[in-house]
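Notes for the one structure printed next.
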Amino acid sequence: MLSASCCVLPIGLSILGLGGAWLTILGPFIAYREFILVVVAIALVWAWYRVLRCRPCRARGRSAIVWTSLASIAFLIALSSPLWEASAQRFMWDLWRSTR
């Protein structure tokens with residue numbers, strides 16, 4: 001998620017009127033995108049193991065499944081970002097230019 005946010009998130013925030021200059025510190029993480037995704041995948045496998053193998057109380061069990069599911073969806077979006085990132089940037093740039 002962090003690796004995808006360094007490219008698409010600043011454009012989206014600037015469209016909303018929020019400055020994205022502070023996000024330039026995320027730029028160096030692009031080079032480590034694959035490593036970050038592997039680490040996140042390992043953490044998610046461990047999290048799903050803990051959620052499904054260890055049976056906590058009912059209320060905590062449901063919330064753990066929800067949070068782990070949300071993290072897994074965010075991971076899949078970050079994993080697929082090279083496929084749609086360029087077109088999303090182009091769309092946001094065109095949208096920004098049309099409002100100026």
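- The CZ atom of Arg97 sits 10.5 Å away from the OG1 atom of Thr99 when rounded to the nearest 0.5 Å.
- Residues Arg50 and Trp46 meet the side-chain proximity criterion, which asks for heavy atoms closer than 4.5 Å.
- Under a 3.5 Å cut-off, the side chain of Thr68 and the backbone N or O of Ile65 do not form any donor-acceptor pair.
- When hydrophobic clusters are built by joining Ile, Leu, Val, Met, Phe, Trp and Tyr residues whose side-chain heavy atoms come closer than 4.5 Å, directly or via intermediates, Ile36 is not grouped with Val38.
- In terms of heavy-atom proximity, Ala78 sits nearest to Ser81 at O-OG, 2.9 Å.
- Note that CG of Leu44 is 10.0 Å distant from OG of Ser69, once rounded to the nearest 0.5 Å.
- There is a path of hydrophobic side-chain contacts, each under 4.5 Å, that joins Phe75 to Tyr32.
- From Ser72, atom OG reaches atom CH2 of Trp67 across 13.0 Å, with rounding to the nearest 0.5 Å.
- For the atom pair CD of Glu34 and CG of Leu79, the computed distance is 10.0 Å after rounding to the nearest 0.5 Å.
- Neither Val39 nor Leu37 shares a network with the other; the hydrophobic side chains, linked directly or stepwise wherever heavy atoms of I, L, V, M, F, W or Y lie under 4.5 Å apart, form separate groups for each.
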